[in-house]
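All remarks here apply to the structure that follows.
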Amino acid sequence: MNVGGTIRVPGDKSISHRALMFAALAHGASRIRDILPSADIHSTASVLCTLGVSMPPLSSDLTIMGRGARALRAPSADLDCGNSGTSARLLSGIAAALPFTSRFVGDSSLSRRPMRRVAEPLRAMGARVECADGEGLPMTVHGGPLHAIEWRTETASAQIKSAILLAGVAGGVNVAVREPAPTRDHTERMLVALGATVETHGTMVRLTPPDHLSPVEMRVPRDPSSAAFLAALAVLANTGELELPDVCLNPTRTGFYRALVRMGARVTLESGAPEGGEPVGTVHAAASSLSGITLDRADVPSMIDELPLLACVAARSAGTTTIRGAEELRVKESDRIATVVANLRAIGATAEELPDGMCIEGSDAPLRGRIVSRGDHRIAMAFGVLGALPENAIDIDDRACVAVSYPAFWDDLRRAVRP
Ligand code: S3P
């Protein structure tokens, strides 16, 4: 199979969520260009709207008037986060500082995901937080005046870190978070760009919030987690190369590309002009011959969302690939260890579950069968890449779930393949 051309993947999901939230907390008119118009970002926009923010429809050139956290209003309905863990966790940090009660709900996948990890630090700051069965959604946040904290997280999670930082900003109190390993730092970078003082020492982040947050003015870089699917297609192709411009090349997000290079892939990251405090550039990915690798705990945070895709690439690479230290995959949109391994086996690949990861044996044999995505966008897209290889025949039960992060995925995948 041959690939070729230039594909502009959509805006970064993590940065899009944060840009909307900071625009709501800022004083003045924020201008956000190239925001990701996906289902998860609609969830954040609709929650902010329910909290009284005047939110225009998501468009490629968006202006939002912020009036600070104090202008947010008690919601007259539940705050529905749909499938979006980032919406539920980060917005709960803001809600903790607001002088009223907010009730977060979500779809059946999100309702099962762990919320205690944000409830605990927010309680320590002075909010009253109740989670269904002590862990999931619905989660009720009784907000109010907060106090400063220093919090140590046991799980490497940018969502926990960001919930605490947002509570600090919305509540006007200093916070410090220590994580076991560095995670994506978009919140910190955006806060600095908006006038906050953020000091990072190794895995410790300290925030001194400003009295007033400046409005957001940025073009959202394209999503390295979405670009990863096309880069994977390119390295699995027989011939050709893809160019993926304007991608966020923040090193806390590019672990997948480093892993591909370790597997022998012809992938380069070419730096361009930064945007909104984020490094941005072009991903070049070309047809390659790949070998299996071992990934351990230290590799996981910078490629947490790409591990299902890496497992699919490994099924087409020589030898064995082992992923360890990735038990967090079990609490994503689906149990991504069980879902990936079951689906790889369903199409004839050799894979084994480990408590904290998986082991995949690569092969050239055609892969054929039906994928059960469990409504998980990244599972559908990862197996969609394998399905685009002509020797394979893969049927995916739910192709529509890609709308969560990459609505045009199937079109872009088709455009990348050349006769
Ligand atoms: C995200 C952080 C990650 C990631 C998710 C988006 C974010 O979750 O899996 O897709 O925007 O902060 P964790 O922080 O829970 O690992």
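Start at 1 and go down the list; that is how both ligands and their atoms are numbered.
- Counting only heavy atoms of the protein, atom 1 (C) of ligand 1 lies nearest to Q159 NE2, 3.5 Å.
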- Task: Begin with the C-alpha distance, continue with both residues' side-chain angles, and end with the deciding distance and a verdict on side chain to side chain donor-acceptor pair (under 3.5 Å) for D40 and S38.
- Result: CA-CA 6 Å; D40 270 15; S38 79; 5.8 Å; no
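- Taking distance alone, with nitrogen or oxygen atoms compared against 3.5 Å, K332 approaches ligand 1 more closely than that limit.
- When only interatomic distances are considered, the shortest N/O to N/O separation between S14 and ligand 1 falls below 3.5 Å.
- Ligand 1 is approached by R18 to a heavy-atom distance shorter than 4.0 Å.
- Of the N or O atoms in S157, one or more lie within a sub-3.5 Å distance of an N or O in ligand 1.
- Side-chain atoms of R266 and S288 include no donor-acceptor pair closer than 3.5 Å.
- Contact record, V118 with Q159: CG1-O, 4.3 Å, taken as the closest heavy-atom pair.
- Under a 4.0 Å heavy-atom criterion, T183 is not in contact with ligand 1.
- When only interatomic distances are considered, the shortest N/O to N/O separation between I304 and ligand 1 does not fall below 3.5 Å.
- At a cut-off of 3.5 Å, with distance as the only test, no side-chain donor of H201 or R206 sits close to an acceptor on the other residue.
- Screening residues 167-180 for side chain to side chain donor-acceptor pair (under 3.5 Å), with sequence neighbours left out, gives K161-E179, E179-T183.
- Residue contacts with ligand 1: D305 is placed with a nitrogen or oxygen under 3.5 Å of a nitrogen or oxygen of the ligand (distance criterion only).
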Using residues 69-79 as the side-chain source, report each donor-acceptor pair under 3.5 Å to any protein atom, sequence neighbours left out, with the distance given to one decimal.
| unit_1 | atom_1 | unit_2 | atom_2 | d |
| --- | --- | --- | --- | --- |
| D78 | OD1 | R103 | NH1 | 3.4 |
| D78 | OD2 | R103 | NH1 | 2.8 |

